[in-house]
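So the structure is just underneath, and the comments pick up after that.
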There are 4 protein chains.
Amino acid sequence: MVAVMHSHPQHRDVQNTRPGRPRSAAADRAILAATRTALVELGWSKLTMSDVATRAGVAKTTLYRRWAGKSELVVDAVAVLFDELELPDLGSLPADLEAMVLRLAALLDRPETRTSMMAVVAEATRDEALRRRIRSAIVDRQKVLVLEGRARAQERGELPYEKDPETAAHDADLIFDVIAGAVVHRTLVSAEPVDPAWAHRFTRLLIGGLASLTQRDPHQAP
Amino acid sequence: MVAVMHSHPQHRDVQNTRPGRPRSAAADRAILAATRTALVELGWSKLTMSDVATRAGVAKTTLYRRWAGKSELVVDAVAVLFDELELPDLGSLPADLEAMVLRLAALLDRPETRTSMMAVVAEATRDEALRRRIRSAIVDRQKVLVLEGRARAQERGELPYEKDPETAAHDADLIFDVIAGAVVHRTLVSAEPVDPAWAHRFTRLLIGGLASLTQRDPHQAP
Amino acid sequence: MVAVMHSHPQHRDVQNTRPGRPRSAAADRAILAATRTALVELGWSKLTMSDVATRAGVAKTTLYRRWAGKSELVVDAVAVLFDELELPDLGSLPADLEAMVLRLAALLDRPETRTSMMAVVAEATRDEALRRRIRSAIVDRQKVLVLEGRARAQERGELPYEKDPETAAHDADLIFDVIAGAVVHRTLVSAEPVDPAWAHRFTRLLIGGLASLTQRDPHQAP
Amino acid sequence: MVAVMHSHPQHRDVQNTRPGRPRSAAADRAILAATRTALVELGWSKLTMSDVATRAGVAKTTLYRRWAGKSELVVDAVAVLFDELELPDLGSLPADLEAMVLRLAALLDRPETRTSMMAVVAEATRDEALRRRIRSAIVDRQKVLVLEGRARAQERGELPYEKDPETAAHDADLIFDVIAGAVVHRTLVSAEPVDPAWAHRFTRLLIGGLASLTQRDPHQAP
DNA sequence: CCCTAAACGAGACGGTACGTCCAGTCTTCAC
DNA sequence: GTGAAGACTGGACGTACCGTCTCGTTTAGGG
């Protein structure tokens with residue numbers, strides 16, 4: 001993950017020829033790790049910049065030199081967790097989907113993820129820049145998995161190739177929102193576990209719906 | 001909406017004979033209204049108790065006498081908005097579902113709702129009491145709509161009567177998480193509009209999936 | 001001591017025929033006692049009306065019905081302590097004076113007195129009504145002792161009779177300020193004990209000065 | 001005036017090499033000046049830390065970083081006023097003493113002094129640290145004047161040299177309490193003016209007493 | 001091998017909100 | 001109409017962080 005950092009010269013020379021003391025990469029790592037630890041212990045609302053600085057053995061100024069505020073810092077700290085999400089290949093679409101759902105649920109069950117996800121999203125409702133940051137750091141990372149999964153299922157012949165590229169894109173978005181939404185809502189709002197039984201029923205529902213989506217719309221004229 | 005308030009005797013005598021000056025009901029109304037206004041203007045994180053008190057024309061102490069903190073206050077203030085959610089009756093399950101999805105999306109599109117929902121849920125990840133409050137004030141209120149919708153569809157013959165009551169309950173939960181999750185995710189995370197076209201595709205997906213759910217599970221033995 | 005109380009009808013009928021429930025004299029006593037106890041425990045600045053009310057088993061309203069505020073209450077509560085000050089009769093002016101000094105010092109050494117005296121006086125620097133209350137309740141009570149002491153010494157022939165009544169009054173004031181001032185300053189400002197040795201030296205100083213006061217002023221003509 | 005400040009390292013290195021931003025000396029001056037102004041306008045009990053901060057154009061935190069509370073702040077603010085007390089030299093002990101009394105009275109008559117002195121002393125009855133602060137900042141400053149005055153009178157031959165150094169110290173304390181006590185009591189408790197006539201009578205009393213103090217104690221054996 | 005310029009730690013700065021406490025008033029019921 | 005109880009407005013309290021600032025001190029190239 002390479003987040004674009006606050007007040008960083010956007011594009012450095014290929015050879016970093018900026019004068020002066022370079023920024024400490026160790027500090028970056030220490031700060032992000034400290035942020036995750038603090039998130040688990042304190043939760044979003046009680047996490048403070050000062051506290052993170054202390055934990056990371058770093059001055060507050062160093063934080064502010066790199067991130068504009070708490071939200072930005074937390075997004076970067078959490079984003080790396082989503083790197084581990086990978087599409088499993090178990091040979092069939094339902095099996096892959098079910099495994100994917102369980103992996104996503106496991107990720108959302110980790111304290112640092114569950115605590116920060118909703119809070120960051122909430123902050124983003126009033127902050128377009130933050131929304132973009134979340135999208136590039138987290139959401140898009142998940143969305144490609146949907147596209148990969150569909151491509152693989154089409155190769156296997158489990159799904160037809162959609163002719164209209166626009167419809168294809170819309171459907172991918174729809175399916176992404178359904179999967180991620182259902183798992184997030186189950187985990188964080190309903191606060192009930194995504195166990196294999198639930199994942200199985202959900203997969204059946206989704207596979208069945210997917211099939212009917214590819215048929216001609218019965219509500220619309222022939 | 002009847003919120004359980006901070007430090008209130010849970011059930012008073014039928015004749016309220018507590019000594020001392022009774023609490024002002026007008027203050028309650030003013031505070032909740034002020035909270036909603038402030039939410040719209042400032043968003044969750046910049047909303048302060050002091051500001052709410054000032055807007056409501058009430059002393060800060062009066063707020064703290066009734067709510068333990070910002071989260072509790074906001075849950076109560078927002079909960080009332082969910083009262084307006086009602087199940088439409090358009091004659092068919094797909095039509096009803098589509099309308100319902102649009103209504104829910106419209107509600108989540110209102111600034112006070114979108115701003116506060118996620119934030120409150122985020123707070124709740126670390127607070128069991130708050131989680132209960134949200135569940136009773138908001139989540140359960142929506143869940144009954146799913147049950148009503150299913151019952152009506154069964155009366156119409158659009159859905160079969162499930163024999164096993166446990167499976168019935170689980171499926172209702174599943175469907176609730178899928179609907180609410182998809183709409184919430186689309187609205188707040190993907191940050192794209194739930195327009196009639198999206199609602200229509202989503203409804204087709206869900207109705208199709210619903211049908212396959214009621215069939216015998218092809219993955220399990222005959 | 002019967003202080004004139006806040007909002008009391010100044011003069012009641014000989015037969016108390018006021019309508020309604022009469023005030024509880026027990027409450028008065030309890031309040032003043034509670035005030036003294038609280039003063040010892042908490043000191044002036046941390047003593048609160050609410051706390052006194054609780055200790056006295058009385059509602060806050062009852063306090064405010066009788067005293068206008070903290071200062072007034074404390075003056076009344078402390079004034080009674082000064083009732084015990086009496087002029088000793090040991091047969092000679094120096095002996096009486098020395099004993100008097102030690103008694104006054106002992107009174108000022110009691111926690112409730114030392115804590116409240118200065119505080120009340122401090123409040124009074126900005127409040128004429130309070131100043132009158134202190135004067136009548138405390139200061140004048142001490143000043144008569146000076147007058148009594150002089151009269152007795154004159155009867156004994158230890159002091160001459162001053163011809164000019166105005167000079168007599170001024171000198172009594174002067175001597176009062178010197179005695180009370182020295183003891184108060186030693187006790188509360190210098191914060192050192194008024195022990196018999198100090199009292200003895202002070203008495204010698206004062207008696208000697210008194211003698212020179214009654215002589216003709218060497219600074220003034222013939 | 002050198003006040004010992006809250007949480008200050010008592011003695012820094014000769015070269016101030018403490019890390020971090022140094023404290024603003026200008027802030028100190030502004031705060032103490034604002035405190036004196038506020039004292040005059042509002043009096044001790046209505047003076048608030050917030051108000052002082054606002055007047056000084058300084059944040060409340062800056063006050064609390066330097067002084068532990070209202071009492072400490074006021075002591076330092078007032079202490080500087082006592083710097084102006086100087087021993088006059090008019091050629092004779094009675095003249096010097098009379099002038100000194102009038103100067104002290106004039107100082108105690110200034111609103112900021114009269115309002116705060118007693119209140120601070122009252123607070124100090126329950127606070128040893130505050131008592132020490134008052135002593136070093138105010139009381140000792142006055143006591144040296146007594147010692148200076150005595151030394152000068154001895155040089156002039158107006159007073160004998162005391163043989164026993166302990167007796168000398170005790171007598172200085174006694175005289176200090178008598179002078180300061182009488183003036184303070186007259187000014188603040190009796191609330192009557194220290195005019196030249198009073199100062200003259202008081203001086204006569206004290207000079208006379210002083211003379212008798214240096215004689216052999218008639219009460220004690222030869 | 002120093003020079004230069006930025007990054008660093010430390011911590012004070014002006015602010016804002018916190019949640020608590022108390023003042024003094026008002027409202028209700030019981031006696 | 002007094003008394004107890006307790007909710008009310010209002011405002012200061014002292015604390016905690018915020019994000020900025022001003023220091024003196026590293027620390028790495030580049031000359």
Side-chain angles (χ1 to χ4, degrees), chain A residues 15-24 27 46-54 57-70, chain B residues 15-24 26-27 45-54 56-66 68-70, chain C residues 18-24 27 45-54 56-66 68-70, chain D residues 7 15-24 26-27 45-54 56-70:
Chain A
Q15 309 287 94
N16 177 358
T17 53
R18 285 196 313 162
R21 178 174 172 178
R23 285 190 178 166
S24 156
K46 294 192 178 161
L47 176 144
T48 69
M49 296 296 268
S50 313
D51 187 59
V52 170
T54 306
V58 142
K60 229 180 359 159
T61 15
T62 302
L63 261 72
Y64 282 106
R65 234 174 257 125
R66 299 171 185 206
W67 289 276
K70 188 158 101 167
Chain B
Q15 309 287 96
N16 178 357
T17 53
R18 285 196 315 163
R21 178 172 172 177
R23 287 187 178 170
S24 156
S45 65
K46 294 193 178 161
L47 175 144
T48 69
M49 296 294 267
S50 313
D51 186 60
V52 170
T54 306
V58 142
K60 227 183 352 163
T61 30
T62 300
L63 261 73
Y64 283 107
R65 219 174 274 123
R66 299 172 185 208
K70 193 158 98 165
Chain C
R18 286 196 311 163
R21 178 172 168 180
R23 286 188 175 168
S24 156
S45 67
K46 294 193 176 158
L47 175 145
T48 69
M49 297 295 268
S50 313
D51 186 59
V52 170
T54 307
V58 143
K60 232 185 350 166
T61 353
T62 303
L63 260 71
Y64 281 105
R65 234 174 255 126
R66 298 173 184 202
K70 192 157 99 166
Chain D
S7 83
Q15 307 287 94
N16 178 359
T17 52
R18 286 196 316 162
R21 178 172 173 177
R23 286 190 177 167
S24 157
S45 66
K46 294 194 176 158
L47 176 145
T48 69
M49 295 296 267
S50 314
D51 186 60
V52 170
T54 306
V58 141
K60 225 182 359 160
T61 29
T62 300
L63 261 72
Y64 282 107
R65 226 173 266 127
R66 301 172 185 209
W67 291 275
K70 193 159 96 167

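Since the structure is predicted, the reported quantities are computational estimates derived from the model, not experimental observations. Lettering follows sequence order; numbering is per chain, from 1.
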For D:V58 and for A:V58, locate the closest nucleotide of DNA chain E by heavy-atom distance; then report the residue assigned to the nucleotide nearer the 5' terminus. A:V58

When B:S24 and C:T62 are each assigned the nearest nucleotide of DNA chain F, the 5'-most assignment goes to C:T62

Under 4.0 Å protein heavy-atom contacts per nucleotide of nucleotides 16-23 of chain F, with B for base, S for backbone only and - for none: BBSBBBB-

Angle between the two end axes of the helix from E:dC1-F:dG31 to E:dC31-F:dG1, five base pairs per end, rounded to 10 degrees? 10°

Rounded to whole Å, CG of C:L63 lies from C1' of F:dA5 at a distance of 14 Å

A:R23 has an atom CZ; how far is it from atom P of F:dG29, in whole Å? 16 Å

What closest approach, in Å, do D:A27 and D:V58 show between heavy atoms, and which atom pair accounts for it? CB-CG2, 4.2 Å

Nearest-0.5 Å distance, OG1 of residue D:T54 to NZ of residue D:K60: 9.5 Å

When rounded to the nearest 0.5 Å, the distance separating CE of A:M49 from CH2 of A:W67 is 8.5 Å

Just jot down the side chain to side chain contact (heavy atoms under 4.5 Å, CB included) partners of B:T61, sequence neighbours excluded, or say none. B:A59, B:R65

